[in-house]
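Worksheet for the structure shown next.
Quick note: numbers below take in every heavy atom, side chains included, and nothing from hydrogens, waters or symmetry partners. In what follows, chains are A, B, ... by sequence order, proteins preceding strands, each numbered from 1.
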Amino acid sequence: MNLLNLLDKMCPETNTPEENDIFFSRRDAFRKFGDMSKKVAMAAVPLGILSALPKVAKADTASLIGVLNFALTLEHLEYRYYQMGIESGVIAGADAAIFNKIRDHEKAHVKFLTEVITNVLKGTAVAEPKFDFTAGGNFSPFTDYPTFLALSQAFEDTGVRAYKGQAGNVMENDVVLTAALSIHSVEARHASMVRRLRTKKGQDTVKGWITDGSRGTLPAPTQAIYTGEENVTHGGVNVVNLTGISAAAVSEGWDEPLNKEQVLGIASLFLA
Amino acid sequence: MKNELIKPQGLIQNANRRQFLRTGSLSVAAAGLIMVGCKDIVDMDPMPTGGVKLGSGDIGILNYAYALEQLEAAFYAAVITGGYFANASAEEKTILGDVEKHERAHREFFKAALGSAAIAGLEVDFSSINFGDRMSVLNAAKTFEDLGVAAYNGAGQHLESVDYLLIAGKIVSVEARHAAAIRDLLNPGSADFAGDDLIDANGLERTLNFSQVLTAASTYVKTPIDFSQLPS
């Protein structure tokens, strides 16, 4: 996805034909600019132009800024964790490609969310908090590789649930919703990879997907990340009763959301 | 079950949105501009003979998801009865066996949720896939999973109901988990599980619109799918 495509997908939230015309002519003008200078258009510029469009932001801007700052806090945590892990040398050489890629994505998410909050929504992006990845001296992720992998899984599975829980809060803004969904699936890919890596190394028996509400061999304080994942009823339909497929398999087929308070409760373990 | 899923509030919002877009599209047409990606209020031709018509609004989008889940479920049903699977490694049997159950559960869920609004079963065409060959099966699985993720990510913005959006969100992350696992089977230990072919410099995954997805899927589906009432 790129932001030019996002512009195409936006619809004007206007009351008059005149405002609609302004919307489409500005978008058209921007697209022409983008065609002339694709490289530039992929950087910060498209974000700036969004704010020039009339009444594009359908939801309350303050609310959007709040949601995105919440997401940014989590991305800060993830980026710092992987950056410190890479710098520490704890990561096995054979797994470097995986964690360099994950780190790059988290870094890009920090930059992207900061730009959207600052340049599009004209808000103030939260500063990076001080983290304590030992959680008060309980973990040693930067000297013990299995611990590094365990916390990585915890952060990625939390990230998936966190973005999912916020989708409804940004759904009135198509651009923000689509961006959030496009980060959400990347976090899910990370989660799947790290979970399987741990099992391949004999540290757990978890699969790429979450079975029931199980945290596997993760430490007890991480249980809140998995509680609720055992749900098998969606939209009023109990899928086990419907299909006869086991509850374990059905629970794997749907990931569950967490709300902001639940996520911050988990993240607070790692705030200094 | 369908009634449990529909919120009156969502229907009212939908009506309002359609009303202003009716005005909007006239104005845009007069200005000679193309309205890309916005809600289309024009009723299209009746469904083609022997085909299915997805319908409009959230129901149309749920039928779109149902069509994709039908395709995936049919694919994995063929995989687990094929020659490659019979001799696959324990890890690959576990992954593909799990994914088969997940996709079957997704398909049956959408069928039940849509009730009488559900499209008919699609006739698939997997003649291009060799189910006795590991690479053929895993590459096809990669195509289907990546396509599913991009489809859900692209469709989310068009849903009016927050309940449907959440359900789609619950499923899309599992499709992404599948996609990453399949990609890692094909290229173990690499960065392909979340490759640069799908994820841009902002760390955002590819989205595809209805037309792009159904065009890609059409290689594997015999039944004509009329999606003309979905946003273009």
Side-chain angles (χ1 to χ4, degrees), chain A residues 1-2 5 8-12 14-15 17 20-21 24-25 28 42 94-95 97-98 100-102 105-106 108-109 112 160 164 167-168 171 174 177-179 181-186 188-193 196 207-209 234-237 239 242-243 245 249-250 252-257, chain B residues 1 4-5 20-21 23-24 26-28 31 33 35-39 94-95 98 101-102 104-106 108-109 112-113 149 152-154 156-157 159 162-163 165-167 169-181 184 189-191 193-194 199-207 209:
Chain A
M1 185 188 71
N2 69 50
N5 290 344
D8 270 349
K9 293 168 184 168
M10 286 165 43
C11 301
T14 60
N15 297 316
N20 277 353
D21 290 347
F24 285 106
S25 60
D28 200 42
M42 283 303 292
D95 303 334
I98 292 167
N100 285 339
K101 181 54 68 184
I102 293 177
H105 289 155
E106 311 302 5
H109 294 161
F112 177 80
V160 175
K164 200 187 319 296
M171 76 178 294
D174 290 349
L177 173 63
T178 302
L181 290 173
S182 299
I183 294 176
H184 172 242
S185 60
V186 172
R189 285 176 183 268
H190 295 170
S192 172
M193 186 68 238
R196 291 184 50 253
K207 299 184 279 194
W209 22 94
H234 307 282
V237 179
V239 182
L242 176 73
T243 62
I245 297 170
V250 170
E252 292 168 352
W254 278 259
D255 281 339
E256 295 295 319
Chain B
M1 274 176 276
E4 290 173 326
L5 280 163
F20 90 71
L21 281 164
T23 332
L26 287 171
S27 163
V28 168
L33 295 168
M35 189 157 75
V36 185
C38 295
K39 298 278 190 290
T94 299
I95 289 174
D98 280 358
K101 293 188 193 77
H102 303 164
R104 178 154 47 94
H106 292 167
E108 293 306 304
F109 165 75
V149 177
Y152 280 104
N153 280 352
Q157 64 182 314
L159 285 168
V162 68
D163 299 317
L165 177 64
L166 179 58
I167 287 169
K170 290 179 179 196
I171 291 175
V172 67
S173 55
V174 175
E175 304 289 352
R177 290 174 188 270
H178 294 165
D184 187 59
S190 74
F193 68 96
I199 297 161
D200 70 16
N202 288 316
L204 306 182
E205 183 157 355
R206 171 183 77 150
T207 67
N209 65 30

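Heavy-atom pairs under 4.5 Å with chain B were tallied for A/H190, A/E252, A/E106; the largest tally goes to A/E252. Considering only heavy-atom pairs separated by less than 4.5 Å from chain A, the leading option among B/I171, B/D98, B/I95, B/I199 is B/D98. No other option in B/A105, B/S173, B/A176 has as many heavy-atom pairs under 4.5 Å with chain A as B/S173. Residue with the most contacts toward chain B among A/R196, A/K101, A/H109: A/R196 (heavy-atom pairs, distance under 4.5 Å). Residue with the most contacts toward chain B among A/D255, A/L181, A/V250: A/D255 (heavy-atom pairs, distance under 4.5 Å). Comparing B/A191, B/S190, B/A181 by how many heavy-atom pairs each has under 4.5 Å with chain A, the most go to B/A181. Per-residue heavy-atom pair counts under 4.5 Å with chain A were compared for B/T94, B/V162, B/V149, B/V172, and the maximum is reached by B/V162.
Using a 4.5 Å cut-off between heavy atoms, A/V160 touches chain B through its side chain atoms alone. Of the two parts of A/I98, the backbone and the side chain both hold a non-hydrogen atom closer than 4.5 Å to a non-hydrogen atom of chain B. For chain B, the nearby parts of A/K164 are the backbone and the side chain; heavy atoms of each come within less than 4.5 Å. Only the side chain of A/H184 comes within less than 4.5 Å of a heavy atom of chain B; its backbone N, CA, C and O stay farther away. Only the backbone of A/A94 comes within less than 4.5 Å of a heavy atom in chain B; its side chain stays farther off.
Here the side chain of A/S182 pairs a donor or acceptor atom with the backbone of B/E205 at under 3.5 angstrom. Of the possible donor and acceptor atoms, one in the side chain of A/S192 sits under 3.5 Å from a partner among the backbone N and O of B/R177. For the pair A/H234 (side chain) and A/W254 (backbone), a donor-acceptor distance under 3.5 Å is absent. Judged purely by atom type and a 3.5 angstrom limit, A/H105 has no side-chain atom pairing as donor or acceptor with the backbone of B/G203.
Defined by atom type and a distance below 3.5 Å, a donor-acceptor pair is missing between the side-chain atoms of B/E108 and A/T243.
In this structure, CZ on B/F193 lies 4.0 Å from CD1 on A/I102, to the nearest 0.5 angstrom.
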Stepwise ring pair (Phe, Tyr, Trp, His ring centres under 6.0 Å) check, A/W209 with B/H178: CA-CA 8 Å; A/W209 22 94; B/H178 294 165; 5.1 Å; yes
Verdict with reasoning, B/R206 to B/D200, per salt bridge (Lys or Arg N to Asp or Glu O under 4.0 Å): CA-CA 8 Å; B/R206 171 183 77 150; B/D200 70 16; over 6 Å; no
